[in-house]
Amino acid sequence: TYFITPSIDPLSPKNVPLDENGIKKTLWKYKIDTDDPIITQVSRYDPWKDPLGVIDAYRLVKKEFPKVQLILAASMATDDPESWHYYEKTARRAGEDEDIFLLSNLQGVGNLEINAIQRGSDVVLQKSLQEGFGLTVTEALWKEKAVVGGNVGGIILQIDDGLNGYLVSSVEECAEKVIHLLKHPELAHQMGINGREKVREKFLCLTELEAYLRMLIAIQAGSIDAETNFS
Ligand code: UDP
C-alpha cells in the first residue's frame, strides 16, 4: 500500500486570491454582516460532518460573542434524499436563529462563493466525527484561516494542534477553541500563516504530482519500500 495525500489547486476558482471588496460583496449578498464575527463549516449534510454539533458549539460561542454568525455551506444534490433528510434535521436545530446561514449551491454558492466565504470567516470549522482527508481543511488553511477540526481521519495530518488550529473531540472543546481564537485574533492570524505554509509544503497539487513521479521512479527502479510515504 502506498500513501499519497490529496491536494488542492491554488489557481482553481475555489482557491485563487480574492480582493477584500469582492469577499464582502459575496457575504453581503447572503445578508451576512462582515462587521461581526463569522464562523463557517463547508461540508455536506451528513452525520459524519456533524452539522448538529457545529450548531451546538456555535450556541456556546454565542454566549461569549452574542453577535457571532454561523455559516453552514453545503452542496446539495437533487437525487440525494439522505442529505436532504439531514439538512432538515440541521434546519430544525438552527430553528429561528437568524445568525445561522444555511447556504448551498441552490442559492448560487459555487466555487468562487465558497472561496469568499472561507476567506471572509474568522474561524473555519471541520468538526467531523469521521473523515476521509478533509479537503475543506486544506482549503481553509491555504486561505490563512485557523481551523478547528475533529480529531479524526486526514484532519489529523493537516492540523498541528495549537500551531495552525486545534483538534477537538467534543462540542465543548470545539466551542472553547473557537472562543479562544475569537478572543485572540493575532494568534488566529499567526496560526493562519502557519497553516498556509503547511499546505504549501505538503498539500498543493504540484507536491502531489511529485509524489506520484517519485513512486513511479521507485517502481521502475525496483526499489519500492512498502513503508514509504510518498507525500
Ligand atoms: N464543497 C463545495 N461546496 C459546498 C460544500 C463542499 O464546493 O457547498 C467542496 C469543498 O470545498 C471541498 C469538497 O467539496 O472541496 C469536500 O471535500 P472534503 O474532502 O472536505 O469532504 P467530502 O465531501 O469529500 O467527504
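When a residue number appears, it is its place in the shown sequence, counting from 1. When a ligand or atom number is given, it counts from 1 through the structure's own listing order.
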Identity and distance of the protein heavy atom lying nearest [atom]:
atom	answer
atom 4 (C) of ligand 1	Ser75 N, 3.3 Å
atom 3 (N) of ligand 1	Ile114 CD1, 3.6 Å
atom 9 (C) of ligand 1	Lys14 NZ, 3.3 Å
atom 11 (O) of ligand 1	Glu139 OE1, 2.7 Å

Ignoring hydrogens, what is the shortest heavy-atom contact between [X] and [Y]? Give both atom names and the distance.
X	Y	value
Cys205	Asp9	SG-CA, 3.8 Å
Lys198	Gln158	CE-O, 3.7 Å
Pro47	Leu129	O-CD1, 3.8 Å

Protein non-hydrogen atom found under 4.0 Å from atom 24 (O) of ligand 1: no

Exercise check, heavy-atom protein proximity under 4.0 Å to atom 13 (C) of ligand 1: no

Which of the numbered atoms in ligand 1 are under 4.0 angstrom from any heavy atom belonging to [X]?
X	result
Arg44	22 (P), 23 (O), 25 (O)
Thr136	10 (C), 12 (C), 20 (O)
Gly134	19 (O), 20 (O)

Donor-acceptor contact present, side-chain Trp84 to main-chain Ala77, <3.5 Å: yes

Output field: ring centroids Tyr87/Tyr45 closer than 6.0 Å: yes

Identity of the nearest option to atom 5 (C) of ligand 1, non-hydrogen atoms only, from Val109, Val42, Leu72: Val42

With Tyr30 via ring pair (Phe, Tyr, Trp, His ring centres under 6.0 Å) - residues at least two apart: none

Residues in side-chain contact (heavy atoms from CB on, under 4.5 Å) contact with Gln130, at least two apart in sequence or another chain: Trp48

Does any N/O atom on [X] come nearer than 3.5 Å to any N/O atom on ligand 1?
X	result
Leu135	yes
Lys49	yes
Gln118	no
Phe133	no

Sub-4.5 Å side-chain heavy-atom contact between Glu210 and Leu206: no

Glu82, CD atom: more than 12 neighbouring heavy atoms under 6.0 Å: no

Heavy atom of Ser104, distance to ligand 1 below 4.0 Å: no

